[in-house]
Amino acid sequence: MNDIEQLNEQFGVDQQIRFYSGNGRLPTVEMVNRFGKTAVSIYAGHVLSYQPHDQEPVLWVSQLAQYSEGKAIRGGIPVIWPWFGAHPTDDTKSSHGLARRMAWEVVGTQASGDSRILRLSLTDNADTRAIWPYPFQLTLTVILDHTLTVDLAMANTGNTPFTITQALHSYFTISDVTQIAIHGLDQTAYLDQLDNMQRKRQSGPITIDEEVDRIYVDTTADCVIEDATLGRRIRIAKQGSGSTVVWNPWIAKAARMGDFGDEEYQGMVCIETTNAADDKVTILPGDGHRITAVISAEPLN
Ligand code: TA6
């Protein structure tokens, strides 16, 4: 029996929760209910798609995304942990931590009523400790019901405190980046990553006509992407997160990324549920933290 057959034997639930060999032959699970469907790569603990029935996909993935061990998948919801952005002290280490490049494992599934639940875990090992020297346990819980909930629980299983920054780095499908408005951050301070982290203040909804890379600070607000062309709002609610990152690479940065189509910046925006910049989290031995994003799509009218 191969891995996929074993996964379906142990964790599959009829056609509601089904494992299959996805892009790059990565073990992938699809969960379906009467509201929609979602797909998750076991590798990297990476939500790849979320599609309410009779809707455009809510999450975006690049046509040039790479699906191979050790690579980060461009799109969906990469798990950024235990550091957001560049490593705080060692620039030889990959940006955005280690979790999105590691092999996770399935620990459980559940289908009851309209709810479909997947639990994946990543535990420290020789590979992680070679990069980041702390014992930890991550559990990613993905819940499909009338919305999509992505919850990352983390535990310090060692004897010394550690401090992390992190993100559920969500990529969203939009009609045209110049035609959307992002609500929820009006009058919120942000650090402009494109202007030496200068602290600025948002005035009104966010509209985009150039590269945008901002860490909004001291905010627990929902964000809403209003997309008149698609006739929908995407709402991102959150818990355990005091900062939100808004990113679009625009033309030049898109052209520099090998796993990102030159024109693809027009159809995506990242609204990232984070503990970033000064919104760090220190976890004592035996303690934990959780960060959660709840994603939903609703018609505009
Ligand atoms: O979250 C925004 C950001 O930090 C941008 O600066 C950009 O680098 C993006 O993440 C993607 O990073 P990645 O390492 O996935 O290419």
Side-chain angles (χ1 to χ4, degrees), residues 7 10-11 26-29 40-48 68-73 76-110 117-143 148-170 215 220 238-245 272-294:
L7 285 167
Q10 190 174 0
F11 298 111
L26 294 176
T28 308
V29 53
V40 183
S41 167
I42 313 305
Y43 164 69
H46 196 126
V47 179
L48 297 171
S68 54
E69 308 257 339
K71 295 277 188 196
I73 301 169
I77 306 179
V79 173
I80 307 299
W81 195 91
W83 65 85
F84 178 87
H87 186 279
T89 58
D90 180 351
D91 58 12
T92 66
K93 294 187 175 169
S94 304
S95 73
H96 284 341
L98 52 82
R100 65 175 178 167
R101 300 170 189 269
M102 290 286 169
W104 291 55
E105 60 178 9
V106 182
V107 294
T109 54
Q110 185 184 344
I117 302 174
L118 169 72
R119 285 190 180 83
L120 305 176
S121 78
L122 177 66
T123 305
D124 67 286
N125 57 47
D127 293 338
T128 68
R129 288 189 295 271
I131 300 169
W132 193 70
Y134 297 96
F136 66 86
Q137 170 83 44
L138 294 184
T139 303
L140 186 81
T141 302
V142 182
I143 304 171
L148 182 74
T149 296
V150 181
D151 177 279
L152 182 68
M154 56 216 75
N156 180 342
T157 53
N159 302 316
T160 54
F162 57 62
T163 296
I164 59 114
T165 53
Q166 62 182 338
L168 298 173
H169 192 299
S170 307
I215 303 175
T220 58
K238 62 176 190 171
Q239 287 97 39
S241 157
S243 48
T244 295
V245 170
E272 304 161 33
T273 303
T274 64
N275 296 119
D278 293 342
D279 177 27
K280 299 179 182 4
V281 178
T282 295
I283 305 178
L284 302 178
D287 276 355
H289 178 73
R290 286 174 59 187
I291 186 168
T292 311
V294 181

(request) Using a 4.5 Å cut-off on heavy atoms from C-beta on, say whether the side chain of Q10 contacts that of V106. (result) no
(message) Using modelled atom types and a 3.5 Å cut-off, is there a donor and acceptor pairing between side-chain atoms of T149 and backbone atoms of V294?
(response) no
(message) I'd like to know if the side chain of K238 and the backbone of E272 have a donor-acceptor N/O pair within less than 3.5 Å.
(response) no
(request) Anything under 30° is parallel, anything over 60° is perpendicular, the rest tilted; go ahead and classify F162 against W81. (result) perpendicular
(request) State, to 0.1 Å, how close Y43 and M102 come at their nearest heavy-atom pair, and which atoms those are. (result) CD1-O, 3.4 Å
(message) Could you tell me if the side chain of L98 sits less than 4.5 Å from the side chain of P82, heavy atoms only?
(response) yes
(message) Donor-acceptor pair, distance only, cut-off 3.5 Å: does the side chain of S243 make one with the backbone of I215?
(response) no
(message) Just verifying a value: how many Å separate T165 OG1 and D278 CG, rounded to the nearest 0.5 Å?
(response) 10.5 Å
(message) Taking atom CZ as the centre, does R290 end up with more than 12 heavy-atom neighbours from other residues, nucleotides or ligands that are less than 6.0 angstrom away?
(response) no
(request) Report the distance from atom CG of L118 to atom CD1 of I42, rounding to the nearest 0.5 Å. (result) 5.5 Å
(request) Look at the side chain of H289 and the backbone N and O of I283, then say whether any donor-acceptor pair between them is shorter than 3.5 Å. (result) no
(request) Look at the side chain of D151 and the backbone N and O of T141, then say whether any donor-acceptor pair between them is shorter than 3.5 Å. (result) no
(message) For G70, is there any backbone N or O sitting under 3.5 Å from a side-chain donor or acceptor partner on R101?
(response) yes
(request) Would you give the length of the straight line joining atom CD1 of I131 to atom CG of D124, rounded to the nearest 0.5 angstrom? (result) 12.0 Å
(request) Calculate, to the nearest 0.5 Å, the distance between atoms CG and CH2 belonging to L138 and W104 respectively. (result) 4.5 Å
